[in-house]
Novice: 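Quick one: structure below, then a few questions.
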Amino acid sequence: MNLTELWHRMGSPRWFYQMSGPWGTGFATLAVVLLVVGTMWGLAFAPADYQQGNSFRIIYIHVPTAILAQSVYMMLGVAGFIFLVWRMKLADMLLQVMVPFGMGVTALALFSGAVWGRPTWGAWWVWGDPRILSMLLLLFLYFGLYALRAAIPRAEAAARACALLALVGLINIPIIKYSVEWWQTLHQGVTFTLTEKPKMPIQMWAPLLVNVIGIYCLFAANVIIRLRGEVLRRESGTAWVQEVVATHDQARRGHSGDSGAMA
Amino acid sequence: MFRAQLIREWRASVRSRDEILNPLVFLFLSIMLFALGLGGEAHALSRWSPGVLWALVLLTNLLSLEGLFRRDFDDGTLEQMVLLAEPAFVPVVAKILVQWCFSGALIALLTPVLGLVLNMPMTAWPVVMATLAIGTPALSMLGAIGAALTVGLRRGGVLLALLILPFYVPVLIFGVTAASDAMAGLGVNAQIFALAGISMLAVTAAPFAVVAAVRISLEQA
Amino acid sequence: MSFDSVESFFHMGGHALYVWMVFGASLAGLVGNLINLNRTHRAAVEAAAREPLVSEEEPS
């Protein structure tokens, strides 16, 4: 099999459905284990910050969600590019399933940042912090993608419009981030940022690392499982999906038959 | 070819006067709302004038962009333009350029009037005019992407604002700080360079996105 | 363990409100997400079952 053939097979939703079966649950399980370990470790065992006390433990939610929120948008832009250039259906499905998840994670990052701001800066909402501001803008960008897809009735046109918007967003994000950071330096309202500590001891950053990996696993599980659902939905008229449905029904009937015999 | 398009667009815009006039009236109307909201105090209005001015310029520009492709889209001219023109972005760029002349450039020319109404000190006017002239091309270019994406939709107006306003934030930031620094008597080189850079990037890169967006909207019609 | 007692753990040195608000919201988000994920596949299969077979050949 040569490379182009592999590329085409990767673009086939059916191929994806058939190979991805066990991966979704695997990643979900891994995510739960890692997130529970990382969070408990961070909440109960990591030392308190000498300056912020225990409120600093919010870092174990804020940083993983903020990192993921940004990298999911990067992935959206890349998926949009792939879809526009190669018309790979799977890329559009990826774009579609990543948007709600990205929006949720961004909202959580924003919420945790705002709550963290209260004990640290004495205010729930600080416009002068570049991080909160760029997170808010990111949330609007996610919402734009979501609203655009909802507004365009034809799926093919919606797919291409969203791909284009995601790509434009990807190019604009560095400019937005730079301008927001530049703006913040004028205000000097916030003198120390929440997360950029020069030296964080290992007892503090190890649980953080666990949670970051954990939330990436959760993201992977979401993408895989939702992508499988989307594949079935979009290809529902085809023979192979009907086969999948039939085997599912059989498995279920066989299962209920067993329990009937037991009773 | 580009000139022919430009002349065609110019004439079409001048003929439908309301499309030029309505956004401008909206601009002055909203300035009045702010003046009333701030209690009519000359001092307060003057202090917040950079922010008020730029936020309203963004909205005015969006408003005038909404109709950018609408008429040509409805009567089928847009399809012919994009299909026949070689390269396809020639007529699209001509359209945006004319739109900019009647929104961003016109607002920049109106700076003295705006400055008077907003109680801006006269020393800041040159900087305000320059930043408006330099910054608004980026607004028109970026907004045109959104206008092209939403042209086929029945209720595209609010959606256009949702899609595009986040991209306007850098222009807002540099424009506002330039105006308030000028009012405080500080240098504004950094902001001018930043605005010029953003506009240059938008002018060179956005036409491709606008053409792609027009094609997407034409396909779904 | 950086806390001496269960009470001090829940008290979070006076920052209980903030810390538990964030972690509570995160837990709710995680649980909601997992429940939703659990339903996704079954819902898609059921939706596909309602759809009639369109054609034998599959679109690429």
Novice: Heavy-atom distances under 4.5 Å only: say whether L218(A) touches chain C with side chain, backbone, both or neither.
Specialist: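 Just the side chain, heavy atoms under 4.5 Å.
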
Novice: Can you say whether R228(A) sits under 4.5 Å from chain C via the side chain, the backbone, both, or neither, judging by heavy atoms?
Specialist: side chain

Novice: Under the rule for side-chain contact (heavy atoms from CB on, under 4.5 Å), what residues qualify as partners of N36(C), not counting sequence neighbours?
Specialist: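 So N36(C) forms a side-chain contact (heavy atoms from CB on, under 4.5 Å) with R226(A), T40(C).
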
Novice: Using a cut-off of under 4.5 Å on heavy-atom pairs, state which of T65(A), V32(A), L108(A), T25(A) scores highest against chain C.
Specialist: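 Heavy-atom pairs under 4.5 Å are most numerous for L108(A).
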
Novice: In terms of heavy-atom proximity below 4.5 Å to chain A, should N38(C) be classed as side chain, backbone, both, or neither?
Specialist: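 Neither the backbone nor the side chain of N38(C) comes within 4.5 Å of chain A.
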
Novice: Taking only heavy atoms into account, what residues of residues 22-29 of chain C are found under 4.5 Å from chain A?
Specialist: V22(C), F23(C), A25(C), S26(C)

Novice: Can you list every side chain to side chain donor-acceptor pair (under 3.5 Å) pair that touches residues 91-104 of chain A, not counting sequence neighbours?
Specialist: D92(A)-R149(A), D92(A)-R234(A), Q96(A)-R234(A)

Novice: May I ask you to decide if the ring planes of F143(A) and Y146(A) are parallel, tilted or perpendicular, using 30° and 60° as cut-offs?
Specialist: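 Correct class here is tilted.
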
Novice: So which of W41(A), F56(A), F111(A), Y60(A) has the largest heavy-atom pair count under 4.5 angstrom toward chain C?
Specialist: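 Top option by heavy-atom pairs under 4.5 Å: F111(A).
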
Novice: Can you give each donor-acceptor pair under 3.5 Å made by side-chain atoms of residues 97-104 of chain A, sequence neighbours left out, with the distance rounded to 0.1 Å?
Specialist:
none

Novice: Measure up the Y17(A) and H41(C) rings against each other and bin them: parallel (under 30°), tilted (30 to 60°), perpendicular (over 60°).
Specialist: parallel

Novice: At a heavy-atom separation under 4.5 Å, does V115(A) approach chain C through its side chain, its backbone, both, or neither?
Specialist: both

Novice: Considering only heavy atoms from C-beta outward, does the side chain of R154(A) approach that of R160(A) to under 4.5 Å?
Specialist: no

